Every structure is written in structure tokens, then in C-alpha cells.
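Small disclaimer: the values here were computed from a predicted structure and weren't measured. Chain A is the first sequence line, chain B the second, and so forth, proteins listed ahead of strands; every chain is numbered from 1.
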2 protein chains.
Amino acid sequence: MPSTPRPGETGAAQVRHGLRAAILHGEYLPGERLVEAQLIERFDASRFTVRAALHSLATEGLVVLEHNRGAQVRKVSLREALEITEVRMVLEGLIAARAAERVTDRQASELAEIGVLMRHAVEAEEHFRYSDLNHRLHSLLREIAAHETADQIVETLRGQLVRHQFMLSVLPGRPQVSLPQHERIIAAVRARDPKAAESAMREHIASVFEALRTLDYLSGPA
Amino acid sequence: MPSTPRPGETGAAQVRHGLRAAILHGEYLPGERLVEAQLIERFDASRFTVRAALHSLATEGLVVLEHNRGAQVRKVSLREALEITEVRMVLEGLIAARAAERVTDRQASELAEIGVLMRHAVEAEEHFRYSDLNHRLHSLLREIAAHETADQIVETLRGQLVRHQFMLSVLPGRPQVSLPQHERIIAAVRARDPKAAESAMREHIASVFEALRTLDYLSGPA
DNA sequence: CTCCAGCAGATTGTCAACAATCTCGTCAGC
DNA sequence: GCTGACGAGATTGTTGACAATCTGCTGGAG
């Protein structure tokens with residue numbers, strides 16, 4: 001599946017999106033070399049196009065380029081993952097605050113609905129469903145906040161974290177911890193209280209931060 | 001001055017730095033087209049190299065690329081400038097908090113020194129000197145915090161703001177407003193009080209935010 | 001006088017070939 | 001048996017030429 005070819009897009013953007021998706025899906029692991037010839041075959045693109053995509057992803061921080069040694073998927077150390085999570089904490093805090101200022105009645109009930117579904121998912125122990133709702137919640141908040149700059153940075157950072165976040169979602173007991181946090185965020189935004197929304201979001205991500213740090217001891221200093 | 005040629009660097013990075021510096025210095029104005037042929041001559045580089053640099057700066061947000069229409073310096077609207085300032089507010093808040101946790105005695109006295117020099121500069125109405133010290137203060141805080149992720153994002157955003165910040169520094173009365181704010185930040189970091197440092201920094205940049213917004217009415221909706 | 005089609009010049013997008021560099025296996029010397 | 005130099009193969013860096021597209025001008029029709 002060489003990614004749906006979008007007619008409106010130039011080849012470079014197609015390859016970039018495809019490769020980005022592949023890395024995010026874990027098809028290429030951190031540290032793995034991205035050989036141009038392979039990518040040319042996979043995406044049926046020219047070397048020029050592949051090269052442009054690699055450079056672009058390098059600036060985005062998803063791959064690293066070394067002179068005369070080509071590209072490889074960037075390894076994100078746990079220290080970096082923690083830094084990224086800290087940055088996400090303050091940025092999503094900003095987003096939550098703005099969402100509380102701008103939320104419409106319609107959006108407020110959408111939030112409420114997600115909250116209810118989340119509780120059901122946790123009670124039924126449907127972890128995948130809960131993880132999906134989690135994503136929808138953060139996504140909806142960003143949509144409500146309509147803060148392009150913060151939005152784009154958060155999205156970029158999320159890309160760099162995929163592997164670590166995957167590990168997190170496996171941690172048992174997490175949903176029970178995060179559900180009330182999510183509910184507090186939803187309540188604060190619905191109450192149109194920016195400060196409460198920001199601090200609820202920050203506490204939530206701070207708890208993710210701690211969980212990530214704990215994970216370090218579990219997996220050891222690889 | 002085609003930028004000092006660094007021997008250790010590949011051509012692409014040289015052109016990128018040079019062009020970046022040129023844009024930041026205002027040699028190319030927002031909206032101005034960056035014609036490849038001109039850049040080839042200016043930096044004495046190949047088209048390939050110039051192209052890579054443009055793509056890189058595009059991902060960084062300093063230029064925009066349109067298909068078959070080449071590159072131009074990105075115009076940052078006031079709305080975007082305000083968004084960027086908000087993001088800087090929370091990120092530099094995080095940096096200030098971390099700086100308060102990690103500051104050494106030696107760094108603390110460096111901060112104190114900058115504070116004294118700032119006061120002198122304001123009293124002597126040496127605006128340029130104050131602006132320089134301002135830069136040094138924020139820079140030192142980032143060094144103390146040693147938060148690579150936040151640091152890099154802030155630096156990138158600062159680049160996108162150059163034009164607007166230039167306008168700000170011209171505003172009369174600003175130093176009198178910002179001096180006490182700076183002093184509070186320094187005091188909080190020296191007291192090793194993360195929360196106080198964060199809120200002092202946030203208040204400072206929130207005030208910059210308001211000043212920027214005011215500027216809108218002065219210059220009109222161009 | 002105004003508007004639209006068509007053309008020439010300029011500019012960018014793409015490609016294929018060549019040059020430089022690195023990696024890794026091999027072999028001679030100690 | 002071990003160390004280090006050598007070289008073939010693989011991979012990336014760079015260049016120049018060619019194709020596609022856009023922009024602004026010219027000229028004719030209404």
C-alpha cells in the first residue's frame with residue numbers, strides 16, 4: 001500500500017507523508033537506516049523526491065541525517081522523551097485554557113459525550129477504545145482552542161514520542177489514574193474556567209511524566 | 001559578507017545559516033521572493049544546495065514554498081505573532097522554573113550582575129544596551145535550564161518574530177515597564193523558587209503580549 | 001477603450017549520470 | 001593468532017541538463 005496518491009500534491013509531499021506514516025506506525029524502528037534505494041522502490045519515486053522528503057523529516061526531528069552516512073530514524077532517549085512531555089504539558093495547558101475561553105455549547109456537549117464514553121470504556125476494560133477516546137479528546141480540545149502555532153508544535157512532538165507513548169498505554173492501572181484527570185479537564189472547559197482547565201491539563205500530563213519516568217526503571221538503562 | 005565559511009560544514013548548512021541570518025537581519029523582507037538564481041550567486045553555491053536550504057527553512061517556518069512559484073519570506077501576521085508570543089510565554093515559563101531548580105551559585109551571581117546592568121541601562125536611557133542585556137538574560141536562563149527541547153522551539157519561534165519584536169523595542173516607556181518584571185524573574189530564580197520564577201516570567205511575556213496587541217491599533221490593519 | 005488569447009522570457013520541478021565517501025571483508029606482515 | 005592496510009562493493013553527495021509551469025507583455029477583437 002504505497003499510500004493513496006493524492007492528485008493535488010507534488011510527489012515530494014506524498015513521499016514525506018508516506019514515510020512519516022511508516023515511521024509513526026513503527027515499520028521503521030529508531031536507529032534503523034533509511035536507505036534511499038529502498039525508499040525509491042517502496043514509494044516508486046525518484047531519488048530527488050526521496051531526498052527532499054528525508055531532509056524535510058530531518059528538520060521535523062523524525063530522522064537524523066549524517067554526512068555521507070545517510071538517514072536513520074531518530075532515537076529518542078528517555079531523557080528527551082521526558083523533555084518533550086514537559087513541553088507538551090505547558091503547551092496543552094495553554095490549549096486547554098484557550099479551549100475553555102472559546103468552547104461553544106455544541107462543542108461542550110461533544111466533550112461531555114467523550115467523557116461518558118471514556119468512563120464506559122474504562123469500566124468495560126476496553127483499553128484500545130479508551131486510548132482512542134483519549135486521542136479524540138486531546139484532538140477536540142486543540143480544535144476548540146484553534147491555536148495553530150501550539151497545535152502544530154504539539155503534533156510534531158507527538159510524532160517524536162510514538163514509541164514511548166505506546167509503551168505507556170500498556171501500563172496496567174493507567175486508565176484508572178487518568179480517567180478522573182480527564183473528567184476534571186472536561187468539567188473545567190465546560191465550565192469555561194481557563195485557569196482550572198490549564199491546571200487540570202497540566203496535572204494530567206505531569207502524571208504522564210511521572211509514569212514515563214517510572215517506566216525507565218522497569219525497562220532499565222538500555 | 002557571505003558569512004564565515006566553516007570548514008567542518010557541508011555546503012547546505014552554510015547556505016542555510018547564511019540565508020537564515022540574512023532574513024533575520026531584515027535583508028529580505030516578508031513576502032519578498034527568494035529567487036534561486038540570486039541565492040546561487042550570493043552564496044556561491046550550487047542550485048542543489050540552495051534548494052536544500054530553502055526546504056529546510058520552509059520546515060522551520062521562516063520561508064514558504066509554493067509549487068511552481070518558488071520560495072518567499074514568510075509573512076507573519078499579527079495574529080500569528082500573538083500566538084507565537086503565547087507559546088513563548090508558557091515555554092519560557094517552563095524554562096524559568098527549571099532554571100530556578102538548577103541554577104548554580106556562579107550562575108546566580110551572573111544573573112544578579114545582568115540585573116544591575118539592566119537598571120543602569122534603563123536609568124541612562126541606553127535602549128540598545130538594555131535590549132542587548134534583555135537578550136542575554138533570556139539566553140542565560142535557557143542555558144541554566146538546559147532544556148534542549150524547549151530551547152530549540154523557543155529559538156525557532158524567536159526567528160519568526162524578528163520583525164514584530166523590532167517594532168516593540170521602539171515603543172517608548174517599555175523599559176520602565178519591563179525592568180521590574182525582569183528583576184522579579186531574576187530574584188525568583190536566585191531564590192530557587194520554580195513556581196515564582198515561572199509566574200514572573202509568564203507575567204513578563206503576558207505584558208509583551210499586550211504591548212504587541214496594542215501595536216496593532218497603532219499601525220492599523222495593514 | 002477594455003478585455004482576453006497567445007507568446008516569449010524567466011523560474012522552478014525533475015531526472016539521470018558522475019564523483020566522493022564510507023563499510024566491510026580479505027590478506028599480508030608481525 | 002592478531003593487527004592493520006588495502007580494495008571492492010555499496011551508499012550518498014553533487015552537478016548539469018531538460019521538462020513543466022508561471023508571469024507579464026503584446027496585439028487583436030469587440
Side-chain angles (χ1 to χ4, degrees), chain A residues 2-20 22-23 27-75, chain B residues 2-20 22-23 27-75:
Chain A
S3 76
T4 325
R6 316 187 197 175
E9 253 177 8
T10 174
Q14 259 182 60
V15 176
R16 200 179 76 229
H17 279 118
L19 183 53
R20 208 177 119 88
I23 294 175
E27 292 179 57
Y28 297 100
L29 300 178
E32 189 168 345
R33 285 189 63 185
L34 298 167
V35 181
E36 294 182 2
Q38 290 174 8
L39 300 176
I40 288 170
E41 192 170 345
R42 161 154 188 175
F43 294 103
D44 192 30
S46 74
R47 239 189 102 192
F48 179 87
T49 306
V50 167
R51 205 144 236 283
L54 285 174
H55 273 270
S56 188
L57 291 177
T59 314
E60 194 182 321
L62 228 59
V63 311
V64 285
L65 294 174
E66 261 180 307
H67 198 73
N68 284 321
R69 283 165 139 213
Q72 58 177 235
V73 181
R74 186 171 150 224
K75 287 182 192 165
Chain B
S3 76
T4 324
R6 316 188 196 175
E9 256 177 5
T10 174
Q14 257 181 61
V15 176
R16 199 179 79 230
H17 279 117
L19 183 53
R20 207 177 120 89
I23 294 175
E27 292 179 57
Y28 297 101
L29 300 177
E32 188 169 345
R33 285 189 62 185
L34 298 167
V35 181
E36 294 182 2
Q38 290 174 9
L39 300 176
I40 289 170
E41 192 170 343
R42 161 155 189 175
F43 294 103
D44 191 30
S46 74
R47 235 188 108 194
F48 179 86
T49 306
V50 167
R51 203 147 238 282
L54 285 175
H55 273 270
S56 188
L57 291 177
T59 313
E60 194 181 322
L62 228 58
V63 311
V64 285
L65 294 174
E66 262 180 307
H67 199 73
N68 284 323
R69 282 165 145 211
Q72 57 177 235
V73 181
R74 187 172 148 223
K75 288 181 191 165

Report the distance from atom CZ of A:Arg51 to atom C1' of C:dA17, rounded to the nearest whole Å.
14 Å
Candidates D:dT14, D:dT11, C:dT11 - which lies nearest the side chain of B:Phe48:
D:dT14
Separation of atom CG in A:Leu65 from atom C1' in C:dC22, rounded to whole Å:
16 Å
Carefully, step by step, assess B:Val73 and B:Leu34 under the rule side chain to side chain contact (heavy atoms under 4.5 Å, CB included).
CA-CA 7 Å; B:Val73 181; B:Leu34 298 167; 4.1 Å; yes
When you measure from the side chain of B:Glu36, which nucleotide among C:dC22, D:dT14, C:dG13 comes out closest?
C:dG13
Does B:Glu41 have more than 12 heavy atoms from other residues, nucleotides or ligands lying within 6.0 Å of its CD?
no
Checking only heavy atoms, does the side chain of A:Arg69 share a donor-acceptor pair with the base of D:dG13 at less than 3.5 Å?
no
In whole angstrom, what separates B:Gln72's CD from C:dT11's P?
15 Å
By nearest atom, which of the nucleotides C:dT21, D:dT12, D:dT21 is closest to the A:Asn68 side chain?
C:dT21
Taking any heavy-atom pair under 4.0 Å as a contact, classify A:Leu34: base, sugar-phosphate, or nothing.
sugar-phosphate
Only one of B:Leu39, B:Val63, B:Val50 clears side chain to side chain contact (heavy atoms under 4.5 Å, CB included) with B:Leu19; which?
B:Leu39
Whole-Å gap separating P (C:dG13) and CZ (A:Arg16)
14 Å
Given D:dG13, C:dG13, C:dC15, which nucleotide is nearest the side-chain atoms of A:Thr49?
C:dC15
Nucleotide C:dT12, atom C1' - distance to CZ of B:Arg47 in whole Å:
6 Å
So, taking the atom named CD in B:Gln72 and the one named CZ in B:Arg74, what distance separates them when rounded to the nearest 0.5 Å?
11.5 Å
Taking NE2 from B:His55 and C1' from C:dT14, how many angstroms apart are they, rounded to a whole number?
11 Å
What is the distance, to the nearest angstrom, from the CD atom on B:Glu66 to the P atom on C:dG13?
11 Å
4.5 Å side-chain heavy-atom contact, A:Leu54 and A:Glu36:
yes
Given atom CD of B:Gln14 and atom P of D:dG13, what is their separation to the nearest angstrom?
16 Å
Any side-chain N or O of A:Ser46 less than 4.0 Å from the OP1 or OP2 oxygen of C:dC15?
yes
